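Structure record follows, encoded as structure tokens.
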Amino acid sequence: MTNWHDPVRVVADYIALIEFVHVLGGLYIWEIVLNLDYEYSIIMGKRKLTRTFPLYLGCRWCPLFVITGHFVGSDISHEINCQALVLMIFTFGYLSFLFSSALIVLRICALWEYNKAVIALASASWLANTASYIYSGVTSRGYWTGSICAIQHTEHTKISIFSTFITDLILLALMLIGLLRWQEARQRGGIWWLLYTQGLAWVVILTLAEVPPVVFIILDLNDPMNLMFLTPGLIIMSLGASRMYRGLADHPIANALPVTTIGGQRSGMSSWFAGPSHTSYSTESTHGARGALPRSGALPVVPHKTGSERGDSSWGGDVA
């Protein structure tokens, strides 16, 4: 039977972890380079700058700092402050998870027409994750082995891993239920079908990103094995969330209207996510029926209730 705490076994697992992260790091850097045109188009004014764009940037770029920290800790030839390096890796790693989840939370809020109970539940889940990440980050310890920076007390990450898994399941359920509330989401084609398929894709993304870390932290074999799937998990989450964001932003209907309002005024939380344009449109003459016409970004435009019917004439909300 394998003794996972044998020093030789631990060293071998650290080497496997280092090689795994290097391969994933190279792939993620390639992904960053391939999609730089999106950020460039916003910086150059070819796309509208919206208020969820900083969340997208955090989701996309924080993993790069994590990967860089791993590269430094494993490839450096002299002793450094490993505790500071570990704190940096955990900070940017957890920020990556939080930014990814935040994009999903905003999408949920829009799908549920900013229902206060749903907003409270989604926000509480996100804040619970934040608290668990802070605890795991400050209780992990880095040390110099003589050749690399290693991490001790990785068992403390159990709280954040379980918290992430449970809260993301809650957010997933809210998003899928929110989508199924709309009849258009089950009709092939159009913006609603995109949102529906993205919701199903998020199920696969969460399974790939979070099930392996949960399994290995339960097994608690040794420190490197506890960490083996954390970095892959945050990379998968970041790739999934950022690609869903760009997928919605690049949809033909998503750029049809600059901004949608009710009675010439943005309402509720939708005004916070609006971009710089203040143009107002009505979709009654072109759409009439209930549906959504999002602008670029993370959130669908959803109809607000008017009178006894939902979304019979005007559309409220915005996507960033």
Side-chain angles (χ1 to χ4, degrees), residues 2 4 7-39 57-78 80 82 85-97 99-100 136-137 140 142-152 154 157 160-161 164-165 168 201-202 204-246:
T2 302
W4 292 96
V8 176
R9 177 75 261 175
V10 172
V11 170
D13 290 338
Y14 264 119
I15 293 174
L17 174 62
I18 290 169
E19 292 176 347
F20 192 23
V21 171
H22 274 68
V23 171
L24 291 174
L27 293 174
Y28 191 75
I29 291 172
W30 180 243
E31 157 73 14
I32 289 281
V33 173
L34 281 179
N35 295 286
L36 275 176
D37 59 315
Y38 183 82
E39 286 96 324
L57 287 181
C59 169
R60 188 160 141 81
W61 288 92
C62 280
L64 189 61
F65 288 95
V66 176
I67 292 167
T68 302
H70 279 293
F71 287 174
V72 171
S74 60
D75 298 338
I76 200 74
S77 59
H78 59 275
I80 60 174
C82 291
L85 182 65
V86 167
L87 184 60
M88 186 206 81
I89 290 173
F90 272 88
T91 298
F92 282 102
Y94 289 143
L95 282 175
S96 176
F97 278 115
F99 285 130
S100 300
S136 297
S140 296
Y143 67 98
W144 179 253
T145 65
S147 57
I148 63 170
C149 279
I151 302 176
Q152 289 179 316
T154 55
T157 61
S160 63
I161 291 175
T164 300
F165 185 64
D168 281 344
W202 193 244
V204 178
I205 291 168
L206 287 186
T207 302
L208 294 175
E210 298 188 6
V211 171
V214 168
V215 171
F216 275 83
I217 200 65
I218 290 174
L219 295 174
D220 194 18
L221 301 176
N222 54 40
D223 285 332
M225 293 304 294
N226 288 346
L227 298 172
M228 187 65 69
F229 293 98
L230 281 182
T231 300
L234 74 89
I235 288 176
I236 292 171
M237 289 275 287
S238 174
L239 283 175
S242 59
R243 282 182 174 269
M244 285 168 59
Y245 185 100
R246 292 195 304 272

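Being a predicted model, the structure only gives us computed values, none of them experimental.
Every residue two or more places apart in sequence or in another chain that forms a side chain to side chain contact (heavy atoms under 4.5 Å, CB included) with Ile76 is listed here: His78, Ile80, Trp144. Taking Asp223 as the reference, nothing meets the salt bridge (Lys or Arg N to Asp or Glu O under 4.0 Å) condition, with sequence neighbours excluded.
When side chains are defined from C-beta on, Ile18 does not count as touching His70, because their heavy atoms never get closer than 4.5 Å. You'll find the side chain of Ser140 stays beyond 4.5 Å of the side chain of Thr154, heavy atoms only. Within the 4.5 Å cutoff, no side-chain heavy atoms of Tyr143 are placed close to those of Cys149. In this structure the side chain of Glu31 reaches within 4.5 angstrom of the side chain of Leu239, judged on heavy atoms. With contacts defined as side-chain heavy-atom distances shorter than 4.5 Å, the pair Phe99/Tyr94 does not qualify. Residues Asn35 and Arg60 meet the side-chain proximity criterion, which asks for heavy atoms closer than 4.5 Å. Side-chain contact between Leu24 and Ile67 is absent, with no heavy atoms from C-beta onward closer than 4.5 Å.
Between Ser242 and Cys59, the shortest heavy-atom distance links the atoms N-SG, 4.1 Å. Residues Cys62 and Leu95 share a closest heavy-atom pair of SG-CB, 3.9 Å. The two residues Ile29 and Phe71 come nearest to each other via the heavy atoms CD1-CE1, 4.4 Å. Taking every heavy atom of both residues into account, Asp13 and Pro224 meet most closely at CB-CG, 3.5 Å. For the residue pair Val86 and Ala150, the shortest heavy atom distance occurs at CG2-O, 4.3 Å. Between Gly240 and Ile205, the shortest heavy-atom distance links the atoms CA-CD1, 3.5 Å.
Taking CG of Leu206 as the reference point, atom CE of Met237 lies at 5.5 Å (rounded to 0.5 Å). Expressed to the nearest 0.5 Å, how far CG of Leu227 lies from CG of Asn222 amounts to 9.0 Å. To the nearest 0.5 Å, atom CG of residue Leu230 and atom CD1 of residue Ile217 are 7.0 Å apart. Taking CZ of Phe165 as the start and OG of Ser160 as the end, the distance is 14.0 Å to the nearest 0.5 Å.
If you check the side chains of Asp75 and His22, you find a donor sitting under 3.5 Å from an acceptor. Donor-acceptor pairing under 3.5 Å is recorded for the side chains of Tyr28 and Ser238.
Checking side-chain atoms of Ser96 against main-chain N and O of Phe92 turns up no donor-acceptor pair under 3.5 Å.
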Verdict with supporting geometry, Met88 and Val66, side chain to side chain contact (heavy atoms under 4.5 Å, CB included): CA-CA 8 Å; Met88 186 206 81; Val66 176; over 6 Å; no
Worked verdict on Asp220 versus Trp4 for side chain to side chain contact (heavy atoms under 4.5 Å, CB included): CA-CA 9 Å; Asp220 194 18; Trp4 292 96; over 6 Å; no
Side chain to side chain contact (heavy atoms under 4.5 Å, CB included) between Phe20 and Thr231, intermediate numbers included: CA-CA 9 Å; Phe20 192 23; Thr231 300; over 6 Å; no
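For the ring-ring contact (aromatic ring centres under 6.0 Å, His included) condition, the pairs that include at least one residue of residues 210-233, sequence neighbours left out, are Phe216-Phe229.
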